[in-house]
S.K.: 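Below you'll find the structure I mean.
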Amino acid sequence: MQPGELVAVGITDDQVSIADAGGTTAHRTDDPVELLRRFDEAGPRWVWWSARETVAPWANAWRPRACWDLAAVARLLDGGHHDFAAAPNATDDMLDFGAPVVDRGPARAREIALEQLENLRALPDPRAQPGAVPLAVLTAYAESAAAVLAVELEHTGLPVDTTAMAAILRPVIGERPVDDAHAAATRRHRDDAVRRLFPHSDDVDLRNPAQVREMLARIGLDLPDTRSWRLQPHVDTSPAVRALVAWRKAERLATTYGWNWLDRDVGADGRLRGIWHAAEGAGRMTASAGLHNLPAELRPAVRADPGWVLVRADLGQVEPRVLATVSGDEALADAARQDDMYAPVAAALRCDRPTAKVAVLAAMYGQTSGTAGNALRDMDRAYPTAMAYLRAAEEAGRTGRDLRTYGGRLLPLHRALEDSRYPPMSWGRFARNAVVQGAAAELFKAWAATVRAGLAGTEGEIVLCLHDELLVHAPAETADAVADLMRTALAQTAHWWASGSGVRFVADIAIGASWADAH
DNA sequence: TCGGTCACGTA
DNA sequence: CGTACGTGACCGAG
C-alpha cells in the first residue's frame, strides 16, 4: 500500500476486504476500526461506492483520511444525482458506463475509480499548471472528502442549547402545547391579535393568501399578492399591517422552527441533525432540518458544550473572487488582490462602492430590471474577459449546450432543456449563475476538506457547512489553534485552486460560546 | 394522496 | 440585482 494509492475497501463486522494493484485481500478481524486505522497510517486513498454506505456505520469511531467516492465523482463527471446507498440495485443508479452496476465488490470499485481518474485527466485544466495534479482530479478528492463530511455531519449534529432555544421561542410562539386543544387555542390567540385589527375579519384564515388579500382590501390596500416585501412599505402607517407582518414571522417560527421541530430534529443529546448532501444542483452542499436556513434570531441558542467553543470562519466576497479566478480576467483578479475588492472595482467603474457591488452582482446573476444598466456597461469596458465568460455561460444555457464548472462538474443543460418536467425558467440565467456558484462550492469544499484533515487527531469537529461559512466545535483551549488552522487551510487551498490567477481569498474568523457570539 | 402555489428562512 | 436550496400550509385535481 503506497501513499495516495487508490485502494478499494469493503467493511463488515468481522472482515475488511481490500483491493489494490496486487488484487483483493480479505482480512478477518473482530475490530474493523482498529484495522482500518492501522491501514490509514500508510496513507491510502480509500475507494468506495459511497461514504454513506461504507463510512456511516463506523462514523462514531473512524475518520478516514483520504478517499475516492465513486458516487461523488460520478456526480462530478456527469452531473447526475448518484447515491448508491439509497438504491444499490435501481437501474437508473449506474455510473456512466452504459450498464447498471451489478458487481459491487472492491475490485470492481477500484477499476471504476481508475476509469474515472482517466476521464478526469482528459478534461482541460483551466489553470496554467503543466505537470501538476489536474484540477479536476483535485476536485474529485475534495468532492469525495465532502461526501464523507456529509456523513460525519449527520452523525455529529449541530450543538444546540435546547433550554436557550425554548427561551427564544416561547415569547414568540407561546408555551409548548400539552395537547391538540391547547395548540389550537394558542394558535387562535395569535391569530385573533391580528384579525381584530381588520374590520369584519374575525373568521379570516391568515394562512390563506387569498383571504389575507381580501382582508387587506378592507383597509384600503389593494395588493397583487401578500408577500412581506409588498407589506413592508405599509408597516409604518398601518398598525394592522405591522401586526400581520409580525404574525408572519411568528408563524414561520411556530411551524418550521417550533416545538415540533425541536422534538423531531434535536436529539436528547442536544444535537440538531439533518440529512446532508455533498453536491446538489450546481454543486452546493444541502442540508435538511433547517440547518441551512436557521433564522438569525435562533443562532444564540446554537451553543458550544461547556468548556468548548464554536469557531466560525466565512469567506469574504467569495463569488466575485471566484469569478475573477475562473474567468481569468486579469483586471478583476487585480481587484481581487485587495481585502475589499469592491473598492478598486468602484474606482475602475468611476462610481461609488454600493453601485459597484450591485453591478458585479448583477453581472453574475443576470439582472433583468435595468437599474444597474450604466454600471454594467462600464463593467464590460473594465472587465471584458469576466463579462465574456458569463455571457458564454448564459448562451450555453439558452441553447442547451452542456458546460463544466472550473473544477470540472458537468452542468447538464442539454438534459435540462429537453426535459419538459422542469418548470419554464431562464436556463440562461441559471447557467450564468451556476458557473460561479458551482465553482465557489468547489473551492469551499476543498477548504472544508483541508480543515477536516487538519482537525484529525484533535477533538475538534466541523459541525456546520453553510455555503461560504464553516463552524467548528472545539475545546476552548484549542480555539486559537483551530482559527489558525482555518486560515492556513484557506491559504493552502487557494494556492492550488487559484494558482496563477493572483486572486486572494480571505476569511473572517471569530470565536464564541454561541454561533451568534462568533461574529 | 399528490403536485402546484404561495410564502419565507438562509447563502 | 438575482440564483440556489428546504420547509410548511393550503388548494384543487384525482
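Because only heavy atoms are used, hydrogens play no part in the values below, and waters and symmetry mates are left out as well, while side chains stay in. Below, read A as the first sequence line, B as the second, and so on, with proteins coming before strands; counting in each chain starts at 1.
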S.K.: For nucleotides 9-11 of chain B, print each protein N/O atom paired with a nucleotide N/O atom at under 3.5 Å, atom names and distance only.
M.R.:
| unit_1 | atom_1 | unit_2 | atom_2 | d |
| --- | --- | --- | --- | --- |
| B:dG9 | N2 | A:N293 | ND2 | 2.7 |
| B:dG9 | N3 | A:N293 | ND2 | 3.3 |
| B:dT10 | OP1 | A:A296 | N | 3.3 |
| B:dT10 | O3' | A:R299 | NH2 | 3.0 |
| B:dA11 | OP1 | A:R299 | NH1 | 3.3 |
| B:dA11 | O3' | A:D468 | OD1 | 2.6 |
| B:dA11 | O3' | A:D468 | OD2 | 3.0 |
| B:dA11 | N3 | A:R284 | NH1 | 3.3 |

S.K.: Take atom CH2 of A:W229 and atom P of C:dG2, then tell me their distance rounded to the nearest Å.
M.R.: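 Distance, rounded to whole Å: 10 Å.
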S.K.: Which one, C:dT3, B:dC8, C:dG8, comes nearest to the side chain of A:R227?
M.R.: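 Among the listed nucleotides, the one closest to the side chain of A:R227 is B:dC8.
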S.K.: Residues two or more places apart in sequence or in another chain: which of them pass side chain to side chain donor-acceptor pair (under 3.5 Å) with A:R409?
M.R.: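 Result, side chain to side chain donor-acceptor pair (under 3.5 Å) vs A:R409: A:E143.
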S.K.: Applying ring pair (Phe, Tyr, Trp, His ring centres under 6.0 Å), name anything that partners A:W247, two or more places apart in sequence or on another chain.
M.R.: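 Expected list: none.
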S.K.: Aromatic ring centroids of A:W427 and A:H414 under 6.0 Å?
M.R.: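 Between A:W427 and A:H414, the centre distance exceeds or equals 6.0 Å.
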S.K.: Using only side-chain N and O atoms of A:R264, determine if any of them is under 4.0 Å from OP1 or OP2 of C:dG8.
M.R.: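 A:R264 to C:dG8 OP1/OP2: side-chain N or O found under 4.0 Å.
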S.K.: Whole Å only: how far is the CG atom of A:N433 from the C1' atom of C:dT3?
M.R.: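 My rounded result for the distance is 4 Å.
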S.K.: Which pairs pass side chain to side chain donor-acceptor pair (under 3.5 Å) with one or both residues in residues 228-242 of chain A, sequence neighbours excluded?
M.R.: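 Listed by first then second residue: A:D225-A:R230.
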S.K.: As a test of reading the structure: which of C:dT3, C:dA9, C:dG6 is closest to the side chain of A:S288, going by heavy atoms?
M.R.: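 Looking only at heavy atoms from C-beta outward on A:S288, the closest nucleotide is C:dG6.
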S.K.: I'd like to check the salt bridge (charged side-chain N to carboxylate O under 4.0 Å, His left out) partners of A:R299; sequence neighbours left out, ordered by chain and number.
M.R.: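 So A:R299 forms no salt bridge (charged side-chain N to carboxylate O under 4.0 Å, His left out) with any residue.
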S.K.: Nearest to the side chain of A:N208 - C:dA4, C:dC10, C:dT7?
M.R.: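 Closest nucleotide among those given: C:dC10.
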S.K.: Please enumerate all residues that pass salt bridge (charged side-chain N to carboxylate O under 4.0 Å, His left out) together with A:E319, with sequence neighbours excluded.
M.R.: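 Partners of A:E319 under the salt bridge (charged side-chain N to carboxylate O under 4.0 Å, His left out) test: A:R284.
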S.K.: Kindly write out the residues that satisfy salt bridge (charged side-chain N to carboxylate O under 4.0 Å, His left out) with A:D339, not counting sequence neighbours, or none if the list is empty.
M.R.: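 Expected list: A:R504.
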S.K.: Report the residues that fulfil ring pair (Phe, Tyr, Trp, His ring centres under 6.0 Å) with A:W259, sequence neighbours left out, ordered by chain and then residue number.
M.R.: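 By the ring pair (Phe, Tyr, Trp, His ring centres under 6.0 Å) rule, A:W259 matches no residue at all.
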S.K.: Nearest-Å distance, CG (A:L291) to P (C:dG6)?
M.R.: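 Roughly 12 Å, once rounded to whole Å.
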S.K.: Mind listing the residues from residues 334-350 of chain A sitting with a heavy atom below 4.0 Å of DNA chain B? Number order is fine.
M.R.: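 Those residues whose heavy atoms fall under 4.0 Å from DNA chain B, taken from residues 334-350 of chain A, amount to none.
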S.K.: Hey, can you pull the residues of residues 209-221 of chain A with a non-hydrogen atom under 4.0 angstrom from DNA chain C?
M.R.: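 Nothing qualifies; none.
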S.K.: Measuring from atom CG of A:L471 to atom CZ of A:R312, what distance do you get when rounded to the nearest 0.5 angstrom?
M.R.: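 Reported value, rounded in 0.5 Å steps: 8.5 Å.
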S.K.: Quick one: label A:D225 by what it contacts on the DNA or RNA (base, sugar-phosphate, nothing), any heavy atom closer than 4.0 Å.
M.R.: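 Sugar-phosphate, backbone atoms only, no base.
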S.K.: Using whole Å, what does the distance between atom P of nucleotide C:dT7 and atom CG of A:L272 come to?
M.R.: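 From A:L272 CG to C:dT7 P: 11 Å.
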S.K.: Under the ring pair (Phe, Tyr, Trp, His ring centres under 6.0 Å) rule, collect the residues that match up with A:F444, sequence neighbours excluded.
M.R.: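 Only A:W447 meet the ring pair (Phe, Tyr, Trp, His ring centres under 6.0 Å) criterion with A:F444.
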S.K.: Can A:D334 and A:Y383 be counted as having a side-chain donor-acceptor contact under 3.5 angstrom?
M.R.: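 No donor-acceptor contact under 3.5 Å links the two side chains.
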S.K.: Applying salt bridge (charged side-chain N to carboxylate O under 4.0 Å, His left out), name anything that partners A:E461, two or more places apart in sequence or on another chain.
M.R.: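 By the salt bridge (charged side-chain N to carboxylate O under 4.0 Å, His left out) rule, A:E461 matches A:R63.
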S.K.: Using whole Å, report how far CG of A:L411 lies from P of C:dA4.
M.R.: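 Checked: the CG to P distance equals 12 Å.
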S.K.: Write down the distance between CG (A:L206) and C1' (B:dA7), rounded to a whole number of angstrom.
M.R.: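 Rounded to whole Å, this separation is 14 Å.
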S.K.: Using whole Å, what does the distance between atom P of nucleotide B:dC8 and atom CH2 of A:W261 come to?
M.R.: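 Rounded to whole Å, this separation is 20 Å.
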S.K.: Please classify the nucleic acid contact of A:A434 as base, sugar-phosphate, or nothing, using heavy-atom distances under 4.0 Å.
M.R.: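 The residue A:A434 makes no contact with any strand.
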S.K.: How many Å lie between CH2 on A:W247 and P on B:dC8, as a whole number?
M.R.: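 Rounded to the whole Å, the gap is 10 Å.
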